[in-house]
Amino acid sequence: MALAPLTVSAIGGFILLNLGVIHPFSDVAYRQRHEILPVQNLRVLILETDPSIDDYVERRDYRSLDTYRAQRKTIEREFSSVSEALKDEPALLPLLTRAQANWASADQYANSLIAEAAPIATPEELKLQRQFQDEITAANDKLTTIHERLATDLNDDHDTAVRAYDHAIWIAGIAAVLALQMVFAGVYLIGRVMASSVDRLVAGASRFAEGDRNHRIEIAIPPELQRVAEEFNRMIGRIHDSEQALSTLAHEDSLTKLGNRRAFDEAMVEVSARQKRFGEQTALLAVDIDHFKRVNDTYGHAVGDQAISVIADTMRRNVRPFDKVFRIGGEEFVAILPGTDSFGAVDVAERLREVIASTCFDTGSGNLSLTVSIGVATTRQTTEPIALLEAADAALYKAKETGRNRVTVSNYNGHDTLNQVG
């Protein structure tokens, strides 16, 4: 009689906890591991093929072909794994099929690129490269949609588990009251331990659902919840790493480690917003290496890549800590100089031009130094990102037309007026 309430409470509590709380949270963890994480990994793998194809097109580095072929096998294997994982999600399978079709098209373009035997990149190869990039972007977009839909479903399941937890608390409370008559101390102690562990699990899962990827759930007992918490912690770590890798691939130039065109476009939106809100003037430098094609033709693409890296590093070291430098094309760079007018921008541009012109590096067959032409524009002339870049580019082209190795300022007021500085 004394043990009956405790026994019933323990059995009922275990069933409620297992079916109402542990099982739903275990299901969430399982789906994160076997559905969301494989989709995330597949997105990373597809994006990682772009640098391999870039290396082959730009430098004819045949080692990158081996890398690409290995990536292709892994991607095909991952598509099969994701398809198997989503067999219970019929609404998402057509999206996955289209993403796989995009990848197949991208692979065909890559094979066509590989079949080209020209010693340097031809216009046809560049067109194939762009088509390859478009297809992997399309595949990534569809996988992103799949990921978002899975995440939405998972959040709904999480909310259901939280409600089940609330119901379990009420039922556990009633059972505790019944057991309190004979075994108050024991039931109270067990209830507190279980409630504390479940609270930590629910609180940790809620923080994860809200986007906190640094939180870790610490549970010692009961062992079932400890295993669920450990699985959550491992899953959160893997998702965080995948998101970091995706962000880096999407915004960083693989050769120079500077921001790429996508990062530049996002930064320019912020520049425009700050100028409109606070009136902060910002200068833009468009920088292009003079006679760069001659370097590639004379010394080869490896030396050309070395030259780009040297100039990127020189620019990075010779601007202010809060200035931002990007590589937006083959030999074209841009620098965003916040809080800078035309005069300050010209000072920075002249310093960069002089430092770069005085920098030599070893090509293996002698020292080589290069010069750059620089176009300057500011948000005093226009706050529109596209117009500001066009104004800086127009100034850059003028600098090249008038002899190169010089700085030219654009005064944009609906048409370009160019002032040559050096």
Side-chain angles (χ1 to χ4, degrees), residues 51-65 67 118-122 125-126 129 252-261 264 284-321 323-337 345-376 392-393 395-409 420-422:
S52 300
I53 295 300
D54 282 350
D55 286 345
Y56 172 72
V57 173
E58 295 179 7
R59 299 184 299 174
R60 284 299 187 268
D61 185 352
Y62 288 92
R63 291 174 297 179
S64 63
L65 297 183
T67 302
I120 61 174
T122 64
E125 284 186 329
L126 295 177
Q129 183 184 15
E252 184 181 272
D253 176 59
S254 59
L255 176 62
T256 63
K257 306 307 178 185
L258 296 175
N260 60 14
R261 180 57 186 261
F264 169 71
L284 185 69
L285 306 184
V287 183
D288 193 84
I289 304 173
D290 295 330
H291 302 298
F292 184 71
K293 185 177 183 300
R294 187 182 302 169
V295 175
N296 280 335
D297 293 343
T298 304
Y299 298 97
H301 287 281
V303 172
D305 287 349
Q306 184 185 358
I308 289 173
S309 297
V310 168
I311 289 178
D313 187 57
T314 302
M315 292 182 64
R316 186 189 292 114
R317 288 186 287 104
N318 286 277
V319 296
R320 298 168 299 181
D323 295 333
K324 297 179 181 178
V325 181
F326 306 85
R327 182 191 178 199
I328 63 171
E331 66 270 21
E332 186 173 354
F333 302 84
V334 291
I336 298 176
L337 312 180
V346 168
D347 289 341
V348 174
E350 278 295 327
R351 184 172 69 250
L352 286 175
R353 184 186 65 79
E354 292 172 359
V355 171
I356 291 171
S358 63
T359 300
C360 294
F361 63 95
D362 185 12
T363 66
S365 58
N367 290 332
L368 175 65
S369 61
L370 297 171
T371 62
V372 294
S373 299
I374 303 177
V376 179
D393 276 339
L396 171 63
Y397 294 145
K398 187 66 176 179
K400 285 187 168 293
E401 290 174 358
T402 55
R404 295 183 171 84
N405 190 23
R406 62 189 62 219
V407 176
T408 301
V409 181
Q420 185 172 305
V421 178

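These numbers come from the heavy atoms of this one structure, side chains and all, not from hydrogens, waters or symmetry mates.
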Colleague: Closest approach of A357 and S369, non-hydrogen atoms and distance?
Modeller: O-CB, 4.0 Å
Colleague: If I take atom OG1 from residue T408 and atom NZ from residue K398, how far apart are they, to the nearest 0.5 angstrom?
Modeller: 8.5 Å
Colleague: Could you tell me which residues satisfy side-chain hydrogen bond (donor to acceptor under 3.5 Å, both in side chains) with D393, sequence neighbours excluded, listed by chain and number?
Modeller: none
Colleague: Apply side-chain hydrogen bond (donor to acceptor under 3.5 Å, both in side chains) to T67 and list each qualifying residue two or more places apart in sequence or on a separate chain.
Modeller: none
Colleague: Would you say that more than 12 heavy atoms from the other residues, nucleotides or ligands in this model lie under 6.0 Å from the CZ of R351, or not?
Modeller: yes
Colleague: Taking the side chain as everything from C-beta on, heavy atoms only, tell me whether L284 gets closer than 4.5 Å to I336.
Modeller: yes
Colleague: Measure the spacing between CD1 of I311 and OG1 of T256 and express it to the nearest 0.5 Å.
Modeller: 11.5 Å
Colleague: Would you check if V303 and F361 make a side-chain contact, meaning some heavy-atom pair closer than 4.5 Å?
Modeller: yes
Colleague: What are the two closest non-hydrogen atoms of V355 and S358, and how far apart are they?
Modeller: O-OG, 2.9 Å
Colleague: Do the non-hydrogen side-chain atoms of D253 and F326 ever get within less than 4.5 Å of each other?
Modeller: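 No; the side chains remain at least 4.5 Å from each other.
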Colleague: Check whether any side-chain heavy atom of L337 sits under 4.5 Å from a side-chain heavy atom of R320, and report yes or no.
Modeller: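 Of all side-chain heavy-atom pairs linking R320 with L337, at least one is under 4.5 Å.
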Colleague: Provide the closest heavy-atom pair for A349 versus V376 in the form atom of the first, atom of the second, distance.
Modeller: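 For A349 versus V376, the nearest heavy atoms are CB-CG2, 4.2 Å.
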Colleague: So how far is it from E331 CD to N296 CG, rounded to the nearest 0.5 Å?
Modeller: 8.0 Å
Colleague: Taking the side chain as everything from C-beta on, heavy atoms only, tell me whether L368 gets closer than 4.5 Å to Q306.
Modeller: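 Side-chain contact under 4.5 Å: no.
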Colleague: Looking at NZ of K400 and CD1 of I374, how far apart are the two atoms once the value is rounded to the nearest 0.5 Å?
Modeller: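 Rounded to the nearest 0.5 Å, the NZ-CD1 separation comes out at 10.5 Å.
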Colleague: If you compare all heavy atoms of N367 against all heavy atoms of C360, which two are closest, and at what distance to 0.1 Å?
Modeller: CB-CB, 4.5 Å
Colleague: Are a donor atom and an acceptor atom from the side chains of D290 and S373 found within less than 3.5 Å of each other?
Modeller: yes
Colleague: Would R294 and D297 pass as an ion pair if we require N to O under 4.0 Å?
Modeller: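 No, this pair does not count.
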Colleague: Mind checking the CZ-OG spacing from R327 to S309? Nearest 0.5 Å is all I need.
Modeller: 8.0 Å
Colleague: Strictly distance-based, threshold 3.5 Å: is any side-chain N or O of T298 a donor or acceptor partner for the main-chain N or O of V295?
Modeller: no
Colleague: Considering residues at least two apart in sequence or located in another chain, which fulfil the side-chain hydrogen bond (donor to acceptor under 3.5 Å, both in side chains) criterion with N318?
Modeller: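 N318 satisfies side-chain hydrogen bond (donor to acceptor under 3.5 Å, both in side chains) with no other residue.
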Colleague: Begin from the C-alpha positions of M315 and L258 and carry the test side-chain contact (heavy atoms from CB on, under 4.5 Å) through to its verdict.
Modeller: CA-CA 10 Å; M315 292 182 64; L258 296 175; over 6 Å; no
Colleague: Going by heavy atoms in the side chains, are L285 and V348 under 4.5 Å from each other?
Modeller: yes
Colleague: Below 4.5 Å, heavy atoms only, C-beta onward: do D288 and R404 meet side chain to side chain?
Modeller: no
Colleague: Measuring from atom CG of L370 to atom CZ of F292, what distance do you get when rounded to the nearest 0.5 angstrom?
Modeller: 8.0 Å
